[in-house]
S.K.: 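Please see the structure below; I have some questions.
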Protein chains: 2
Amino acid sequence: MAKEHKAANAAEANETAADAGAPLASDRSAGAGLTDPADDAAAQHKDDGAARLSSSVGDYLKAIWLLAGDGVAGTGEIARELGVTAPSVTAMLSKMSGAELVAYEPYRGASLTPAGRREALRLVRRHLLLEMFMVTQLGFGWDEVHEEAELMEHVVSDVFAERLAKHLDDPEFDPHGYPIPRADGSVPVAPTMPLAELALGRRFRVHRLMTRDRAVLAYLESRTVEPGAELVLRSLEPGGNLLHLEFVGIGNGARGRKLALSRELASLVLGENLVE
Amino acid sequence: MAKEHKAANAAEANETAADAGAPLASDRSAGAGLTDPADDAAAQHKDDGAARLSSSVGDYLKAIWLLAGDGVAGTGEIARELGVTAPSVTAMLSKMSGAELVAYEPYRGASLTPAGRREALRLVRRHLLLEMFMVTQLGFGWDEVHEEAELMEHVVSDVFAERLAKHLDDPEFDPHGYPIPRADGSVPVAPTMPLAELALGRRFRVHRLMTRDRAVLAYLESRTVEPGAELVLRSLEPGGNLLHLEFVGIGNGARGRKLALSRELASLVLGENLVE
DNA sequence: CCTAACGTTTAGGCATGGCTAAGGAGCACA
DNA sequence: TGTGCTCCTTAGCCATGCCTAAACGTTAGG
């Protein structure tokens, strides 16, 4: 079902380092440089980094990020993602547009401004850190933590998030390989070649399971197809819809084990082609 | 700094077992048994044990508990505690009264019903557990965690709270000796004799610093007056307004150290008179 | 080029939870 | 037994964020 979203591609992180580096005052005045009174209200939000956005606003920002990344997300799309009706989205987008968090064009959709993007990444970061904490320290399963992190991400402070990050050893990727935005607003990058495109006999290291579908994640993990695992493509079923793989990973207790995987799932497994 | 404690005393848990034992269904129907139409709305809230109370409602319940425990809290008192105006409190109390969370008598005040008490304790438990986590695992200072826990306590689930409790080793008291309500709704008890009432030459073990004043807490802790510390009253200033004490504790590195304490502060230090 | 279908926006409401202003209860002291 | 004074409540209002119903833009097919 839920297909992963945006193809966070390699190039991404640099571009972001740029926005993030920009103290975001210059950006805005250039990009949306208005001289109207509304600027005042907006200014407050920036000076101190984020004058407490409501959690609803945060949800919208995050939804836009997940749906479109740096592109444009449509009203209906956002409504579906958040489980609200389209009119609610229209109203909220107008408001957020006024606060310079999104660029909104009626009937077209909304995209994140640098400030909105920054806030969205802050939330995603919190979300992933909280999930990791719950799983690694409290013993939750990966399928139990999403909703709770969803709530908590809106109330934890910057300081809490950073202390938690340190407590977790500053992870850059979650256990499925999903990149955890950094505190400075940049996003770690990782190899993105789909396992499905691996050539015969070549060796592949898994970096990311590109899906939000829990059944798929659970299936892959039960077979130790997870970040760090190394595989070799031994053969293909005629037609190419089934891959016969073999584990060759080192840390993996699975060395030598065989694995059959459909092309469909293999295309969700991202990683890199290793030189032997 | 943050010292563990969990001096879970032997006898404890009984008194509370009584209240908590009451499954709160019987209580309510007997106590407030109305037959009017409003019952419907209220009924929904009870059937499933607590149909997600808003965080505001929770704040009110907690405030009443902190201010009055099982007694009656006045409108103004609650308003001050929560930082809202009196009319807001009146309105909220009426609503909560309808939901059978408090017993509200206009112009008199409100007290918790069993259901309200249960919810208040749930929140207090979460609050204290979160504070302990932040301090002991994330390295926060005790004076930094209150507000954040205040926010988080409203969003963490039962399961999260219990897993966190286990992660923290099921503490029964926070580091200031404040009792942490148990998951079953009972409250640990500890000795409550004020240090100020100690007789000359007698030995005293600190169990609790009975104040929320941060300056006082910091002052006492900087002198290692904290749960577990053991002191002997050596002499009194004429008039009895100053106590000359000496540390005799075992776990305490402070053994033999002298301490002068005003009667005022000594009355905030609760504990027990030890037989020598 | 026009029109139907779809998605989006406007209009009008509702619930929550807060506020100020103004009137009423309760109590203490004369 | 009144008379203040304090505290509490009632009345009326506002902001947020959601909803439904209805009008409107956009776009693709005839």
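Every chain is numbered from 1 and lettered A, B, ... according to where its sequence line falls, protein lines coming before strand lines.
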S.K.: Across the strands shown, which category fits A:Thr90 at heavy-atom distances under 4.0 angstrom: base, sugar-phosphate, nothing?
M.R.: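 Contact class for A:Thr90: base.
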S.K.: Between atom CG of A:Leu82 and atom CG of A:Leu66, what is the distance when rounded to the nearest 0.5 Å?
M.R.: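 One finds 9.5 Å between CG of A:Leu82 and CG of A:Leu66.
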S.K.: Taking the minimum atom-to-atom distance to the side chain of A:Tyr104, which one of D:dG17, C:dG17, C:dT9 wins?
M.R.: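 Shortest atom-to-atom distance from the side chain points to C:dT9.
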S.K.: Over how many whole Å does the gap from A:Tyr107 atom OH to C:dT9 atom C1' extend?
M.R.: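 One finds 4 Å between C1' of C:dT9 and OH of A:Tyr107, rounded.
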S.K.: Scan side-chain atoms only and decide if B:Thr85 and B:Ser88 contain a donor-acceptor pair under the 3.5 Å cut-off.
M.R.: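 Their side chains do contain a donor-acceptor pair, which is all the 3.5 Å distance test asks for.
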S.K.: From C-beta outward on A:Thr75, which listed nucleotide comes closest to its side chain: C:dT8, D:dT9, C:dT20?
M.R.: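 Output: C:dT8.
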S.K.: For the pair made of CG in A:Asp59 and C1' in D:dC18, what is the distance, rounded to whole Å?
M.R.: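 My rounded result for the distance is 13 Å.
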S.K.: Ignoring backbone atoms, test whether B:Tyr60 places a side-chain nitrogen or oxygen under 4.0 Å from the OP1 or OP2 oxygen of C:dT16.
M.R.: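 The answer is no; no side-chain N or O of B:Tyr60 sits under 4.0 Å from OP1 or OP2.
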S.K.: Rounded to the Å, how far apart are A:Leu53 CG and D:dT16 C1'?
M.R.: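 So the CG-C1' distance, A:Leu53 to D:dT16, works out to 14 Å.
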S.K.: Counting side-chain heavy atoms from C-beta on, which of C:dA11, D:dC18, C:dG18 comes nearest to A:Pro87?
M.R.: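 Of all the options, the side chain of A:Pro87 is nearest to C:dA11.
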S.K.: Using a strict 4.0 Å threshold on nitrogen-to-oxygen distance, state whether B:Lys62 and B:Glu81 make a salt bridge.
M.R.: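 No salt bridge links B:Lys62 with B:Glu81.
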S.K.: Rounded off to whole Å, could you give me the CG-to-P distance for the A:Leu93 and C:dG7 pair?
M.R.: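 To the nearest whole Å, that distance equals 17 Å.
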S.K.: Considering heavy-atom distances to DNA chain D, does A:Val84 or A:Pro106 have its closest nucleotide positioned more toward the 5' end?
M.R.: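 Its nearest nucleotide lies further toward 5', so the answer is A:Val84.
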S.K.: Parallel, tilted or perpendicular: which one describes the rings of B:Phe133 and A:Phe133, with boundaries at 30° and 60°?
M.R.: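 Judged by the thresholds at 30° and 60°, the geometry between B:Phe133 and A:Phe133 is tilted.
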S.K.: Can you tell me how far C1' of D:dC8 sits from CZ of B:Arg108, to the nearest Å?
M.R.: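 One finds 12 Å between C1' of D:dC8 and CZ of B:Arg108, rounded.
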S.K.: Going by distance alone, is a donor N or O of one side chain under 3.5 Å from an acceptor N or O of the other, for A:Glu100 and A:Thr113?
M.R.: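 Side chains of A:Glu100 and A:Thr113: no pair found under 3.5 Å.
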S.K.: Check every atom of D:dC19, C:dT16, C:dG18 against the side chain of B:Ser88 and return the nucleotide holding the closest atom.
M.R.: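 Within the option list, the nearest is C:dG18.
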S.K.: Rounded to the nearest angstrom, tell me the gap between atom CG in A:Leu82 and atom P in D:dC18.
M.R.: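 Answer to the nearest Å: 8 Å.
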S.K.: Compare side-chain N and O positions of B:Lys95 against OP1 and OP2 of C:dG17 and report whether any pair is under 4.0 Å apart.
M.R.: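 Yes, such a contact exists.
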S.K.: Using whole Å, what does the distance between atom P of nucleotide D:dC18 and atom CZ of A:Arg80 come to?
M.R.: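 Computing the A:Arg80:CZ to D:dC18:P distance gives 17 Å.
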S.K.: Using a cut-off of strictly less than 4.0 Å, decide whether A:Ser56 has a side-chain nitrogen or oxygen near OP1 or OP2 of D:dC18.
M.R.: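 Yes.
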S.K.: Let me know the distance between CE of B:Met96 and P of C:dA15, rounded to the nearest Å.
M.R.: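 Interatomic distance, CE of B:Met96 to P of C:dA15: 20 Å.
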